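Keep in mind that this is a model prediction, so the values were computed, not measured. Numbering starts at 1 and runs along the sequence shown.
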Amino acid sequence: MDRVTSTALCSSGKAIGLREEPGFDGRVVLYPNNQTLKDYLSWRQADCHINNLYNTVFWALVQQSGLTPVQAQERLQGTLAADKNEILFSEFNINYNNEPPVCRKGTVLIWQKVGEVMTKEVKLPVEMEGKKVAVTRTRTKPVPLHCDIIGDAFWKEHPKILDEDS
């Protein structure tokens with residue numbers, strides 16, 4: 001896994017030491033058609049949900065119930081999602097559906113046109129020289145989303161993602 005410095009992911013907003021820097025698993029894959037791509041991305045999001053649900057219950061058992069990591073792992077062995085949701089709700093009063101979408105859905109980065117306002121010094125005409133004005137420019141930037149990409153709604157809202165020319 002590559003290590004990267006990411007001030008966006010650090011709560012302090014400052015780069016932190018190598019031992020604490022967030023890491024990620026990145027892949028570049030060419031799929032034969034859009035449906036295969038959608039299926040792969042849906043699987044990745046479902047996997048994110050499964051892993052986060054497990055980790056939410058696991059750490060609640062360790063940090064709030066005082067189980068050791070081995071005991072928590074043994075308690076969760078063979079459980080289904082419904083079992084984990086029940087443990088969270090009945091033992092910790094946590095409704096997993098109320099957890100932040102970033103935890104339940106992960107993060108999807110898509111390219112979107114974004115208006116940026118910047119202050120520029122006007123050069124012409126002469127009577128306005130030196131005056132600063134606000135200018136809005138449209139730029140295409142990666143935008144993080146924490147939404148469901150498994151259903152059709154996301155793909156209908158962002159059809160350009162699958163366009164051949166985009």
Take H49 and Y54 through the test ring-ring contact (aromatic ring centres under 6.0 Å, His included) and record every step on the way to the result. CA-CA 9 Å; H49 165 74; Y54 178 90; over 10 Å; no
For the hydrophobic clusters of this structure (ILVMFWY residues joined by side-chain heavy atoms under 4.5 Å, transitively), does one cluster hold both W111 and V29? no
Determine whether I150 and I110 fall in the same hydrophobic cluster, where Ile, Leu, Val, Met, Phe, Trp and Tyr are linked whenever their side-chain heavy atoms lie under 4.5 Å apart. no
Just how far is it from atom SG of C103 to atom CG of N98, taken to the nearest 0.5 Å? 12.0 Å
Return a table of donor-acceptor pairs under 3.5 angstrom between the side chains of residues 58-73 and protein atoms on other chains or two or more places apart.
residue : atom : partner : partner atom : Å
T68     : OG1  : Q71     : N            : 3.0
T68     : OG1  : Q71     : OE1          : 3.3
Q71     : OE1  : T68     : N            : 2.8

For residues I50 and I87: do they belong to one hydrophobic cluster (side chain heavy atoms under 4.5 Å, members Ile, Leu, Val, Met, Phe, Trp, Tyr)? no
pair V143-L109: side-chain heavy atoms closer than 4.5 Å: no
Against H158, only a single residue in D163, L145, I149 fulfils side chain to side chain contact (heavy atoms under 4.5 Å, CB included); can you say which? L145
Within a strict 4.5 Å, meaning less than it, do heavy atoms of the T140 and V114 side chains meet? no
Exam field: side chain N51 to backbone C48, donor-acceptor pair closer than 3.5 Å: no
Just by modelled atom types, is the P101 backbone N or O under 3.5 Å from a matching donor or acceptor in the H146 side chain? no
Minimum-distance pair of heavy atoms, taken over all atoms of T79 and L76: OG1-O, 2.7 Å
State, with a plain yes or no, whether a side-chain heavy atom of D152 is found less than 4.5 Å away from one of K38. yes
All side-chain hydrogen bond (donor to acceptor under 3.5 Å, both in side chains) counterparts of S90, not counting sequence neighbours: none
With rounding to the nearest 0.5 angstrom, report the SG to CZ distance, C147 to R104. 11.5 Å
Can you confirm whether F92 sits close enough to V57 that some side-chain heavy atom of one is under 4.5 Å from a side-chain heavy atom of the other? no
Under a 4.5 Å cut-off applied to non-hydrogen side-chain atoms, are Q112 and K141 in contact? no
How far does CG of N52 sit from CG of N55, to the nearest 0.5 angstrom? 6.5 Å
OG1 on T136 to CD on E116, rounded to 0.5 Å: 10.0 Å
May I ask you to test the I94-F89 pair for a side-chain heavy-atom distance under 4.5 Å? no
Checking side-chain polar atoms at under 3.5 Å, does D39 have a donor or acceptor matched by the opposite partner on S42? no
Start with the C-alpha distance between K84 and E91, add both sets of side-chain angles, then the distance that settles salt bridge (charged side-chain N to carboxylate O under 4.0 Å, His left out), and finish with yes or no. CA-CA 10 Å; K84 292 177 187 78; E91 296 182 30; over 6 Å; no
Please list, chain by chain and in numerical order, all residues satisfying salt bridge (charged side-chain N to carboxylate O under 4.0 Å, His left out) with R137, sequence neighbours excluded. none
Atom pair CD (E99) and CG (L88), whose distance is rounded to the nearest 0.5 Å: 7.5 Å
Could you state the interatomic distance from NZ (K113) to CZ (R139), rounded to the nearest 0.5 Å? 13.0 Å
So do the side chains of V108 and F154 get within less than 4.5 Å of each other, counting heavy atoms only? yes
Hey, quick one: are L41 and W43 part of the same hydrophobic cluster, counting side-chain heavy atoms closer than 4.5 Å, chains of contacts allowed? yes
